[in-house]
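Let me begin by presenting the structure, written as structure tokens, before commenting on it.
So you know, we letter chains A, B, ... as the sequences are listed, proteins then strands, and number each from 1.
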Number of protein chains: 2
Amino acid sequence: MLRITKQTDYGIVLLTHFGLADEGQLLSAKELAERTRIPAPMVAKILKILVRAGLLDSQRGAAGGYGLARPARDLSLLEMIAALEGPVSMTECAEMGSGCPIEAGCRPRVNWKLINQVVQAALEGITLERMITPAPACATLDLGLVRAGLEAPQRT
Amino acid sequence: MLRITKQTDYGIVLLTHFGLADEGQLLSAKELAERTRIPAPMVAKILKILVRAGLLDSQRGAAGGYGLARPARDLSLLEMIAALEGPVSMTECAEMGSGCPIEAGCRPRVNWKLINQVVQAALEGITLERMITPAPACATLDLGLVRAGLEAPQRT
DNA sequence: CGAAACCGGACCAGAAAAGTCCTGAAAAGA
DNA sequence: TCTTTTCAGGACTTTTCTGGTCCGGTTTCG
Ligand code: SF4
Ligand code: SF4
């Protein structure tokens, strides 16, 4: 679990197709639906969300379609997810002035904020551009270093 | 979004109380419910899950209760979340032989597996023991290093 | 025995998520 | 101009999951 929604998942798949296409080329909803096999109405819905979030530009009318608002290397996974399903935060307290009924006597609360930062940093470090590459650029990402960053404070 | 469920959240809060208590001391469901202000039936439900997952031991009968099955330093956040809401995986494909209707022509698929590993590594690095400390031990965790681990492959 | 506690699972109401559909408005081209 | 394409904006339905409750049964202690 801890899943992204299907909508988000689809949205990211769609975005990769823009990254793959020639820069500036417009892709229509119908076209995307055919390529990705995602149900057409869903594609339309998601693209609209992406436009409103500012990740895509749209051009209406015949021969219209959608295109990336920014180059693929400037688009982080964190932004994509945030656009498609709201800001990333693992607990409801970490985000806003809570509303959590417990809150008092909740020890982990303070730490959740930190954990969120780690997750967000991880997602922010992945760009659409890297998402497009089959794997190697991503495959070598240094898990050891990531772990070291987490364990550092315990060492000294 | 990308939230853990409330059940998971509560479960972790409960676990912290065990970490705080004297080692070997048994806490009853009722007692926990009072301390945490979590609805009692919920507490009971969650504790049962935790026992079945092997994170807690239980002792029935009068004067019975629950206790940690392992020391707090050997219990990672990853395990807690997995126990409470299933294995951590951000996409449905990353985990098992999918069932995802798209799959073909899905570029990001291969990369999601890596991203999952990063998230898992991050969650695995946080122990219940650290979760209990008010903040400082966690507050200094090296975000810079985490980012470095992610960006490493792009540098060389 | 009887009270205290866990065990197992059924159950429900409400909230999201997934997916569909319809009416309109712009743009391009015949 | 008029038609076609394609996006914009919602409303809507269906399905699934969550949060939360409840109960009958079993173990253990006093
Ligand atoms: S205050 Fe504690 S219980 Fe409430 S949402 Fe935050 S971490 Fe969870
Ligand atoms: S195969 Fe692609 S679309 Fe399907 S779950 Fe995996 S990432 Fe998402």
Nearest-0.5 Å distance that lies between atom OG1 in B/T91 and atom CD1 in A/I12: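 Going from OG1 on B/T91 over to CD1 on A/I12, the span is 9.5 Å.
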Distance check needed: [N] [atom2] versus [X] [atom1], whole Å only.
X	N	atom1	atom2	answer
B/I4	D/dC17	CD1	C1'	16 Å
A/Q7	D/dT16	CD	P	18 Å
B/M1	C/dA16	CE	P	8 Å
A/L84	C/dA17	CG	P	12 Å
A/I46	D/dA8	CD1	C1'	16 Å
A/I102	D/dG19	CD1	P	12 Å
B/D9	D/dG19	CG	C1'	13 Å
B/E31	C/dC6	CD	P	9 Å

Residue pair A/K30, A/E34: steps toward the salt bridge (Lys or Arg N to Asp or Glu O under 4.0 Å) verdict: CA-CA 6 Å; A/K30 195 169 129 196; A/E34 282 163 9; 5.1 Å; no
A/F18 and its side chain to side chain contact (heavy atoms under 4.5 Å, CB included) partner, picked from A/L50, A/L56, A/I132: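 The passing option is A/L56.
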Every protein N/O within reach of nucleotides 3-7 of chain D N/O, cut-off under 3.5 Å:
unit_1, atom_1, unit_2, atom_2, d
D/dT5, O2, A/A62, N, 3.0
D/dT6, O4', A/G61, O, 3.1
D/dC7, OP1, A/A29, N, 3.1
D/dC7, O3', A/S58, OG, 3.4
D/dC7, O2, A/R60, NH1, 3.4

Student check: side-chain heavy atoms of A/R70 and A/L55 closer than 4.5 Å: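 A/R70 vs A/L55: side chains touch.
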Any B/Y66 side-chain heavy atom under 4.5 Å of B/L32 side chain: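 The answer is no; the side chains never approach within 4.5 Å.
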Distance test, side-chain N/O of B/R3 to OP1/OP2 of C/dA16, below 4.0 Å: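 So the side chain of B/R3 is outside the cut-off, no N or O lying under 4.0 Å from OP1 or OP2 of C/dA16.
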Neighbour count above 12 (heavy atom, 6.0 Å) for B/R37 CZ: no
